[in-house]
Structures are given as structure tokens and as C-alpha cells.
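Worksheet: one structure, shown below.
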Amino acid sequence: MLRAILVTLLLATPLLAADWPQFLGPSRNGIYVGPPLNEKWPSSGPRIIWKKQIGQGLSGPVVTGTRLILFHRVADREIVESLDALTGAPQWRHAYPTSYRDDFGFDEGPRAVPVVADGVVYTYGAEGKLHAVDIAAGKPLWNVDAMRQFDVDKGFFGAAGSPLVEGGKVIANIGGRKGGIVAFDAKTGTVAWTATSDAASYSSGIAATLVGRRYALFLTRAGLVGLDPANGQVRFQRPWRARQAASVNAATPVVVGNTIFVSAEYGPGAGALQFDGTKLVDLWTSDDVLSNHYATSVFHEGTLYGFHGRQEFGPVFRAVDLASGKVLWSTGRFGAGSVTLAGNRLVIMRESGELVFAAVSPKSFQQIAAAQILPETVRAYPALADGVLYVRNDNTLIAVDLR
């Protein structure tokens, strides 16, 4: 009885600030708010606490408390499992069949990062299967075959947008003819509402308060959509799509006050759009400033930091003034990767497997430390929780001590 009470209290406790329970961290903005990080590494690099061979996937891990949630594919099964974050020891696993095949010969594992909310893990597989699993015991609670139920095309790379949990609902960029953006009751999986008939992108949604009102923001394949998360009513829309068919929207919108930064490659480029409560007003738009292929930029004190350019062409890393769109500095060809903001440091994980610490500075790119921590290719977003970086490549997950 006492154990049951303790478990109930644990699940009712709000997530710790140092947790990384979803894509892009606690607030979905790529900002780490845990204890300070150590940037003085030995010549061999920061200490690897543990490593584990894992299955396929472009889905990054998430962390809550001392529990790490991994979503990957082994043989013909998508698997969500819980590991001890400090040792990598397995705790439970939930698996189900998958027949997803990548048309371009890339990874065939899940793409979307799991979400942990109110004691439940939500996953969205490569072929559009949405699952809810109890985090304490790994017990399946409900599931929806969204691609079949909402008549969704496979698209170029399957389903990739991480669901958004907001106001007791799981909201996903499904992209079906019978529902573009769909909200499910978080406890039961029943459909709460559907909105738009936009095809899905590879971007994950974000919840934000704009002009005193709560919105769910999604960059679909067609463009930016702002919805009322309670009922799905579309409050504003803005087209944001390349003219060519072979294109994707992948980066998550960045919200700063009442300004929304959106970015995509293949033509639409980037823009800062200010919302006045009824409509969006352009501060600036350009394809020559900060066009994110897949990695979401981060924001600090007026400046955006992120990758500009196509992944296969070797993007540069840049600092850009949000208000004006002025490029403040730009590296040479840097290569693709992801970026996290940790205090006054940029934590950059390059596709090559190199971890880089750089200063948060609008004046110049200032590298502070760098170490090769994994073989290439690293495309999944890392989790940074309580001073430990959890990151995977094609077949290995490691925990790196940055405390």
C-alpha cells in the first residue's frame, strides 16, 4: 500500500526543471535550465557514463527524473522502452509490429521524439501509429492507427512530427484527408477535434501564449497554423511552402513574445512574423538569412543561433538579429547538426559526432571546447538533463557526463 501511495505521489509531481521530457526540452524551445555544465574536458573528451547498442531510429531520447525513454526499431517491431538514466539498465519495454520501409534507403526506425506528460509516454511511429504507455510499468493504455483512420499518405519520410500535449489533449500533425491536425483525449485516445486538411510536415508543434491567449502552433506542409488548443478553431494561417514538390518543412517555430520565427529550406526561407491578436505582420522574410533544413534555431537576448542551408551541401552556423533579420556573423561550411542553449553556451551536436561548446555571442563564433563523442552519423536530437547529455547515432546511445 505504501509503495502504491509513493508511486501515485511521484506521478502527480510536476516534472523537474532539469528534466528533458519532450522534443527540444521542457518548453520546446531548445533551452536547458539545469545545473551548470563543465566545459573543461580532458584531451579524450568528457566522460562517457554508459553506452548501449540500440535499434534503428531518428527519434531522440527523453528524460524524466532518473528514467530515460528510448523509442527505436529492432527487426520488424517499433519499441518504446524505459532505461535507468544513470546506468542504462533496462526497466520495461512495449513493442508492436511495424512494416515501414523508407523509399530512399535511409533509416527505417521511428522519427518522432516521445513526449512524457502526467505519467504517460506518448509515441508516434514512422507509419503513423500513436501509442500511450504508462511510464511507471510500461503498460499500454491506448493506441490509434492515425494513418489509416485519417487517410494519410506515406509522404517522403513517413511520420516525423512529435505530438504536442496541451490542456489534456495530445495534438498531432497527422496530415490526413480526414484530419490535418488532430487532437486526442490524453487519457482515452478518443478524438477531441480535427482541424485543416493540410498534409503533414516533419515539424513538431509548440504551445505558446500570444497577446494573452493560448495557441497551438504548427508548421504543416502548407504553412503556419495557429489554433485554439481547446477546440481546434483556426485563429490564423500563413502559407509557408516551397513551390517544388520535393521539399519539406522540418524546423519547429520559435516563439519570442508575440513574434513567431519560422524557417524552412527549399525556397520559403525564414521570417519573423509578429502577431497583433488578429493577424500576422511581417517583420522580415528572406531565404538568405537563416533557412533551417531540419534543426530548430535557439534564441537568446535578441539573437537567433542556428544552421543555414541544405544538409547535403554543408550548412553554415549563424547568429541573426530576430527583429531585423540582419546576419551578425556566419561560420564557414560547418556541417549539419542540432543546437541547444545552456546558459551562456551553445551546445552543438554535429552530424559528424563531434560535440562543440561555443559562446553565446552576437559578435562572433567563439568555440570553447570540442570532442568527438560518437562515430557519424548523428541526426537524432539529443536530450540534456541534469548535466548529462544523452545522444544516439545509427546504432549506439551514450550518456555523456557534462556535470
Side-chain angles (χ1 to χ4, degrees), residues 11-12 14-15 19-28 57-65 67-73 77-83 91-96 98 100 109-150 152 158-176 179 181-194 200 202-207 216-218 227 229 232 252 380-381 383 385:
L11 295 181
L15 294 170
D19 285 348
W20 199 268
Q22 60 180 334
F23 182 59
L24 295 175
S27 300
R28 284 211 176 190
L58 298 172
S59 169
V62 295
V63 179
T64 174
R67 192 186 297 273
L68 178 144
I69 302 299
L70 173 66
F71 188 32
H72 59 152
R73 175 176 176 167
R77 301 179 76 78
E78 283 188 332
I79 300 168
V80 54
E81 61 180 305
S82 177
L83 309 175
Q91 295 171 330
W92 55 255
R93 62 166 22 198
H94 170 63
Y96 56 88
T98 181
Y100 179 81
R111 286 90 163 91
V113 175
V115 184
V116 177
D118 299 321
V120 180
V121 180
Y122 301 96
T123 62
Y124 192 43
E127 55 190 351
K129 293 181 179 178
L130 181 66
H131 282 246
V133 181
D134 173 72
I135 195 170
K139 177 184 176 182
L141 302 175
W142 55 262
N143 68 83
V144 174
D145 188 340
M147 284 204 166
R148 178 171 296 181
Q149 182 171 339
F150 296 97
V152 182
S162 184
L164 173 68
V165 180
E166 173 73 12
K169 298 177 180 63
V170 181
I171 311 173
N173 185 6
I174 300 295
I181 300 170
V182 182
F184 305 87
D185 184 278
K187 293 183 178 180
T188 66
T190 56
V191 175
W193 52 256
T194 63
Y202 304 97
S203 170
S204 300
I206 185 172
L217 305 176
F218 286 84
L227 307 121
T252 291
Y381 255 80

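Y124 contributes atom OH, which lies 13.5 Å from atom OG of S59 (distance to the nearest 0.5 angstrom). To the nearest 0.5 Å, atom CG of residue L227 and atom CD1 of residue I181 are 4.5 Å apart. Rounding to the nearest 0.5 Å places CG of L217 at 9.0 Å from CG of L164. With rounding to the nearest 0.5 angstrom, the CZ atom of F23 is 4.5 Å from the OG1 atom of T252. Distance check: L141 CG to H94 NE2 gives 9.0 Å after rounding to the nearest 0.5 Å. Here the OH atom belonging to Y202 is positioned 10.5 Å from the CG atom belonging to N173, to the nearest 0.5 angstrom.
Using a 4.5 Å heavy-atom cutoff, the side chains of K129 and V144 are not in contact. Counting heavy atoms from C-beta outward, V116 and I69 have side chains that approach closer than 4.5 Å. W193 places none of its side-chain heavy atoms less than 4.5 Å from the side chain of V191. Using a 4.5 Å heavy-atom threshold, the side chains of L68 and V62 count as separate. Looking at P114 and T123, their side chains come closer than 4.5 Å, going by heavy atoms from C-beta outward. Counting only heavy atoms from C-beta outward, the side chains of L130 and P163 approach each other to under 4.5 Å. Using a 4.5 Å heavy-atom cutoff, the side chains of E78 and F71 are in contact. The side-chain heavy atoms of V133 and Y122, taken from C-beta on, include no pair separated by under 4.5 Å.
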- Task: Could you give me the CA-CA distance, side-chain angles and deciding distance for F150 and T194, then say whether side-chain contact (heavy atoms from CB on, under 4.5 Å) is met?
- Result: CA-CA 10 Å; F150 296 97; T194 63; 4.1 Å; yes
- request: Begin from the C-alpha positions of Q22 and S162 and carry the test side chain to side chain donor-acceptor pair (under 3.5 Å) through to its verdict.
  value: CA-CA 8 Å; Q22 60 180 334; S162 184; over 6 Å; no
| query | Could you walk me through whether V121 and V115 pass the side-chain contact (heavy atoms from CB on, under 4.5 Å) check? | reply | CA-CA 6 Å; V121 180; V115 184; over 6 Å; no
Step by step, would you call F184 with T190 a side-chain contact (heavy atoms from CB on, under 4.5 Å)?
CA-CA 5 Å; F184 305 87; T190 56; over 6 Å; no
For this session: Assess whether side-chain contact (heavy atoms from CB on, under 4.5 Å) is satisfied between H72 and E81, documenting all intermediate values.
Result: CA-CA 9 Å; H72 59 152; E81 61 180 305; 2.7 Å; yes
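In terms of the side-chain contact (heavy atoms from CB on, under 4.5 Å) criterion, residue partners of A380 (sequence neighbours excluded) are, by chain and number, R392. For R28, there are no salt bridge (charged side-chain N to carboxylate O under 4.0 Å, His left out) partners two or more places apart in sequence or in a different chain.
In summary, the side chains of R67 and S82 do present a donor paired with an acceptor at a separation below 3.5 Å, with no hydrogens or angles considered.
Heavy-atom contacts from other residues, nucleotides or ligands closer than 6.0 Å to CZ of R77 number more than 12.
Closest heavy-atom contact between A207 and E166: CB-OE1, 3.4 Å. Across A216 and P229, no two heavy atoms sit closer than the pair N-CD, 4.0 Å. The shortest non-hydrogen separation linking P26 to W20 is CD-CE3, 3.9 Å. Nearest heavy-atom pair, V152 versus A146, reported as atom, atom and distance to 0.1 Å: CG2-O, 3.8 Å. What you find for R111 and A126 is that their closest heavy atoms are CD-CB, 4.0 Å. For A159 against G128, the heavy-atom pair with the smallest separation is CB-N, 4.0 Å.
In this structure, H131 has its ring center under 6.0 Å from that of Y96.
Side-chain N or O atoms of W92 include one that pairs as donor or acceptor with a backbone N or O of I135 at under 3.5 Å. Judged purely by atom type and a 3.5 angstrom limit, D185 uses its side chain to pair as donor or acceptor with the backbone of K187.
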